[in-house]
Amino acid sequence: MCLHVHVLDELRTKLDSKSEKCIFIGYAIEQKGYRCYNPNTKDLKGSRDVFHELFPWYGKSKYVQEEVEQEDEIQVKKEHNESKTPISSPKKEVSPWLGRLRGKPSQDEKTIKTKGKEKIEDEKQLWIEEPTQNEFEEIQTPGVRQSSRVKYPVERLTYDSFVAKHYAYMTEIIKDKEPLSFEEANLDEKWQSAMDEEMQALIENNTWSLVLRVEGKQPIGCKWIYKIKRNTDGSIARYKARIVAKGYAQKYGIDYEETFSPVVKMTTIRVLIAFAVSKMVELVSTC
Amino acid sequence: MQCQKWWNLYQLVDVKNAFLNGELEEEVSMDKPQGYMHQQYPNYVCKLKKALYGLKQAPRAWNHKLVEYLVV
């Protein structure tokens with residue numbers, strides 16, 4: 001592929017051309033840029049300031065224009081006539097070219113691609129007369145890099161990548177839904193019995209006594225929370241309903257005086273473990 | 001001998017629903033749980049004696065209980 005590489009201001013005088021034609025070899029390792037070879041000066045250089053006629057952001061040049069016109073002679077179509085507009089208005093010319101390059105795949109596109117290939121191959125022969133020809137042929141890929149790229153669909157997380165056991169576990173877990181409100185749970189018998197169970201436990205634990213409401217003191221609310229307790233294989237162990245007080249409604253000095261967050265000290269655990277070891281007993285954690 | 005120790009340790013660690021056993025020092029009144037109306041006292045509220053999940057002082061009450069248990 002032939003590239004136009006920008007020549008630095010310091011290296012040229014007023015009348016020298018601003019770019020030189022080089023052969024695209026690859027990408028530079030030691031810098032961000034292209035790696036190009038100039039057959040005339042036999043110079044290898046890396047540069048970022050490079051363009052090619054087929055770059056989509058580059059206005060269509062004579063080179064492309066000629067190609068399109070040649071094609072028009074073979075296939076006379078309305079579309080093609082549009083792009084026949086003269087070079088004097090480069091902005092207008094860009095769009096039909098881009099449209100066909102990226103748009104729906106049609107026969108036109110195919111012909112353009114093959115055309116471009118031929119064109120570039122001609123170019124190659126024009127440029128390379130050295131014995132290193134084979135080497136270049138291997139590295140060079142014909143056509144525009146952008147359009148020849150194979151587009152792979154974005155890989156998303158799918159269930160296919162899981163082992164059957166995990167798959168079963170996950171489907172098991174998302175199969176059942178925990179109700180979010182009392183109204184929702186009250187429709188289901190198993191949640192009803194779970195709530196009964198919890199109420200029974202609370203009453204047995206003597207958690208509260210029923211009193212007349214004190215005037216001026218707002219009772220705090222409470223809420224049911226529903227949770228499915230599972231075994232390690234994902235099967236359901238039990239349905240658990242739990243009452244949670246809305247502590248956020250409590251006011252300091254009225255509903256509570258002091259709070260405390262228990263924090264475990266690592267030394268405490270070490271003492272416990274050391275104790276267990278010294279007495280040769282087993283520690284079992286239950287949660 | 002071993003067995004006895006095991007039993008002791010087990011007692012130390014496993015307290016069922018320890019969190020709900022904490023006793024409250026303050027007077028906290030709470031609405032009755034949704035769906036459970038006392039037939040005799042429909043307009044009464046619950047005066048909490050023991051801690052519940054979500055209460056501000058619940059961890060403190062639990063800690064108090066634990067210290068009590070460990071020290072005494």
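Below, chains carry the letters A, B, ... as their sequence lines are ordered, and counting in each starts from 1.
- Residues of residues 254-266 of chain A lying under 4.5 angstrom from chain B, judged on non-hydrogen atoms, are A/I254, A/D255, A/Y256, A/E257, A/E258, A/T259, A/F260, A/P262 in numerical order.
- Within 6.0 Å of the NZ atom in B/K49, the count of heavy atoms belonging to other residues, nucleotides or ligands exceeds 12.
- Taking every heavy atom of both residues into account, B/L24 and B/L55 meet most closely at CD1-CD1, 3.8 Å.
- By the 30° and 60° cut-offs, the orientation of the rings of A/W191 relative to A/Y226 is perpendicular.
- For B/H64, the NE2 atom is loosely surrounded, since the number of other residues' heavy atoms within 6.0 Å does not exceed 12.
- Note that NZ of A/K223 and CG of B/D31 are 14.5 Å apart. Values are rounded to the nearest 0.5 Å.
- Looking at B/L52, the atoms closer than 4.5 Å to chain A (heavy atoms on both sides) all sit in the side chain, from C-beta outward.
- A/T268 is not listed as a side-chain neighbour of A/L272, based on a closest heavy-atom distance of 4.5 Å or more.
- Residue A/Y239 holds its OH atom at 5.5 Å from CD1 of A/I228, rounded to the nearest 0.5 Å.
- A distance of 8.0 Å separates CD in A/Q218 from OG in B/S29, rounded to the nearest 0.5 Å.
- Residue A/E183 touches chain B through its side chain alone, counting heavy-atom pairs closer than 4.5 Å.
- Residues of residues 195-205 of chain A that come within less than 4.5 angstrom of chain B, heavy atom to heavy atom, are A/M195, A/D196, A/M199, A/L202, A/N205 in numerical order.
- Using a 4.5 Å cut-off between heavy atoms, B/L66 does not touch chain A at all.
- For the atom pair OG (A/S193) and CG (A/D188), the distance works out to 8.5 Å, reported to the nearest 0.5 Å.
- Heavy-atom pairs under 4.5 Å with chain B peak, among A/K246, A/K217, A/R242, at A/R242.
- When A/T207, A/N186, A/V244, A/I225 are compared by the number of non-hydrogen pairs under 4.5 Å with chain B, A/T207 comes out ahead.
- Between the side chain of A/Q250 and the backbone N or O of B/K56, at least one donor-acceptor pair lies under 3.5 Å.
- Ranking B/Q34, B/Q57, B/K50, B/E26 against chain A, the residue ahead of the rest is B/Q34, based on heavy-atom pairs under 4.5 Å.
- Separating the NZ atom in A/K227 from the NZ atom in A/K240 is a distance of 12.0 Å, to the nearest 0.5 Å.
- Centroid-to-centroid, the aromatic rings of A/W224 and B/Y36 come within less than 6.0 Å.
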